[in-house]
Amino acid sequence: MANEQQPKKFYGSKEGYDADVMLESKAVLSKEDFVSTGVLTYALGDIIEVELPEFDVFNLGDKLKMTVYTKSGLFVLATTVLAKEQGSLIVLNPPENRRKFTEKREFPRVDVTNGGLLFGLQDVNKRNKHQLDNPIAISIKNISINGLGFTVDDNTMVEKIIQKHSQLEVELNLGFLMPCTMEVVRKEKTDSGFYYGACYLSVPEEKINALRGFILKNQIETYFVQKREMQIKKAMEKKSVANQ
């Protein structure tokens with residue numbers, strides 16, 4: 001449930017391959033009668049980035065065949081263009097490809113500024129269940145497909161009641177409303193109160209795809225922001241060295 005993310009090494013296969021198997025490998029993307037070759041530079045969760053010169057030939061939603069030539073063999077997958085930026089494409093890493101690898105970390109977690117409401121909670125002994133007469137606002141700090149990090153807005157009484165392993169009934173506002181139950185797995189004191197990490201216990205089946213879409217959209221946006229910041233930092237460092 002950490003707030004920070006280090007977007008570097010992400011995959012190790014069941015055969016013991018490390019992240020280098022996929023990263024920096026030659027990737028061939030093809031659609032209809034067009035083929036382009038690039039370099040796979042990023043892979044985390046549902047997204048893969050390929051840097052290639054002919055990125056502008058591809059459109060959002062294009063269905064592609066991607067062949068990745070690694071030092072440990074060939075990976076062939078059907079994918080879809082999710083986003084593009086100058087010099088690169090973000091494509092979907094489909095479940096059938098992800099199953100070939102053992103991920104070394106939790107599901108991708110993205111920072112967000114959404115909110116929600118706490119309607120009820122059950123204590124750690126699972127004996128006493130409290131329904132709140134007036135729902136309490138929570139602020140979502142980060143989210144993944146298996147849980148989220150959040151704080152409670154201006155309610156010290158509820159903060160004291162919520163403990164590790166407490167079960168909560170909440171409704172998250174992610175641009176759509178998602179009622180769910182979750183269990184607190186982490187509680188940390190902060191300067192302004194407490195930060196909680198929780199995992200989902202139940203999510204309505206009909207909301208799962210919407211949740212995946214929300215996380216995927218935010219993951220792509222976050223990655224592009226991080227990439228631009230890194231490019232600016234490198235450019236400034238290069239300029240500083242040149243001026244010395």
* Structure fact -> One should read off an interatomic distance between Ile90 CD1 and Ile47 CD1, to the nearest 0.5 angstrom, of 4.5 Å
* Leu64 side, atom CG; Leu77 side, atom CG - distance, nearest 0.5 Å -> 9.5 Å
* Asked: Between Phe176 and Phe214, is a side chain to side chain contact (heavy atoms under 4.5 Å, CB included) present by the stated rule, with each step listed?
  -> CA-CA 9 Å; Phe176 60 93; Phe214 174 81; 4.2 Å; yes
* **Set of residues satisfying salt bridge (Lys or Arg N to Asp or Glu O under 4.0 Å) with respect to Lys65, sequence neighbours excluded** => none
* Sequence-distant partners of Thr80, side-chain contact (heavy atoms from CB on, under 4.5 Å), two or more places apart -> Lys63
* Asked: Among pairs that include at least one residue of residues 225-244, which meet ring pair (Phe, Tyr, Trp, His ring centres under 6.0 Å), considering only residues two or more places apart or in two chains?
  -> none
* Enumerate the residue pairs fulfilling salt bridge (charged side-chain N to carboxylate O under 4.0 Å, His left out) with a member in residues 80-93, sequence neighbours excluded, ordered by first and then second residue. => Glu85-Arg228
* Can you tell me how far the CD1 atom of Ile215 sits from the CG atom of Leu174, to the nearest 0.5 Å? -> 8.0 Å
* To do: List for me each residue that meets salt bridge (Lys or Arg N to Asp or Glu O under 4.0 Å) alongside Glu171, sequence neighbours excluded, and say none if there are none.
  => none
* Is there a side-chain contact between Val91 and Leu82, using heavy atoms and a 4.5 Å cut-off? -> no
* After noting the C-alpha distance and the side-chain angles of Tyr196 and Thr151, does the key distance pass the side chain to side chain contact (heavy atoms under 4.5 Å, CB included) rule? -> CA-CA 6 Å; Tyr196 304 90; Thr151 58; 5.6 Å; no
Would you mind writing out the side-chain donor-acceptor pairs for residues 48-61 within the sub-3.5 Å range, not counting sequence neighbours?
| unit_1 | atom_1 | unit_2 | atom_2 | d |
| --- | --- | --- | --- | --- |
| Glu49 | OE1 | Thr41 | OG1 | 2.8 |
| Glu49 | OE1 | Tyr223 | OH | 2.4 |
| Glu49 | OE2 | Ser88 | OG | 3.0 |
| Glu49 | OE2 | Lys227 | NZ | 2.6 |
| Glu54 | OE1 | Ser36 | OG | 2.5 |

* Asked: Can you tell me if Ser166 uses its side chain to pair, donor with acceptor, with the backbone of Gln163 under 3.5 Å?
  -> yes
* **Any Asn146 side-chain heavy atom under 4.5 Å of Cys199 side chain** => no
* **Any Ile136 side-chain heavy atom under 4.5 Å of Asp153 side chain** => no
* **Side-chain touch Val76/Val68, heavy atoms, less than 4.5 angstrom** => no
* Taking Asn173 for the side chain and Gly175 for the main chain, is one N or O donor matched with an acceptor at less than 3.5 Å? -> yes
* Is it the case that Lys141 places NZ or CZ above or below the six-membered ring of Phe150, under 6.0 angstrom from the centre and within 45 degrees of the axis? -> no
* Asked: Which heavy atom in Gly73 sits nearest to a heavy atom in Thr70, and how many Å separate them?
  -> O-OG1, 2.7 Å
* Any ion pair linking Glu221 and Lys217 (charged N to carboxylate O, less than 4.0 Å)? -> yes
* Quick one: closest heavy-atom pair of Pro179 and Pro204, and the distance? => O-CD, 2.9 Å
* Which residue pairs satisfy the salt bridge (charged side-chain N to carboxylate O under 4.0 Å, His left out) criterion with at least one member in residues 187-208, sequence neighbours excluded? -> Arg186-Glu188
* How about His130 and Gln122: does a side-chain donor come under 3.5 Å of a side-chain acceptor? -> no
* To do: Kindly indicate whether the side chain of Asp46, heavy atoms from C-beta on, has any atom under 4.5 Å from the side chain of Arg212.
  => yes
* Could you walk me through whether Lys129 and Gln131 pass side chain to side chain contact (heavy atoms under 4.5 Å, CB included), step by step? => CA-CA 7 Å; Lys129 192 171 184 179; Gln131 291 300 128; 3.7 Å; yes
* Which residues, ordered by chain and number, are linked to Leu177 in its hydrophobic cluster, where ILVMFWY side chains connect at heavy-atom gaps below 4.5 Å, directly or through other members? -> none
* Within the side chain of Asn142, is there an N or O that forms a donor-acceptor pair under 3.5 Å with the backbone of Gly149? -> yes
* Considering only Ile, Leu, Val, Met, Phe, Trp and Tyr, and joining two whenever side-chain heavy atoms are under 4.5 Å apart, list the other residues clustered with Leu117. => Phe119
* To do: Could you pull out all residues at least two apart from Thr113 that satisfy side-chain contact (heavy atoms from CB on, under 4.5 Å)?
  => none
* State which residues pass side-chain contact (heavy atoms from CB on, under 4.5 Å) with Tyr200; sequence neighbours excluded, sorted by chain then number. => Ile143, Leu148, Leu172, Met178, Cys180, Val203, Leu211
* Asked: Run the side chain to side chain contact (heavy atoms under 4.5 Å, CB included) check on Leu121 and Leu132 step by step: do they pass?
  -> CA-CA 8 Å; Leu121 61 155; Leu132 302 176; 4.3 Å; yes
* What distance do Ile138 atom CD1 and Ile140 atom CD1 have between them, rounded to the nearest 0.5 Å? -> 5.5 Å
* To do: Could you grab the distance from atom CG of Leu29 to atom OG1 of Thr67, nearest 0.5 Å is fine?
  => 8.5 Å
* Asked: What distance separates Thr79 OG1 from Lys31 NZ, expressed to the nearest 0.5 Å?
  -> 13.5 Å
* Structure fact -> For Thr181, the side-chain contact (heavy atoms from CB on, under 4.5 Å) test, sequence neighbours excluded, returns Glu169, Leu201, Ser202
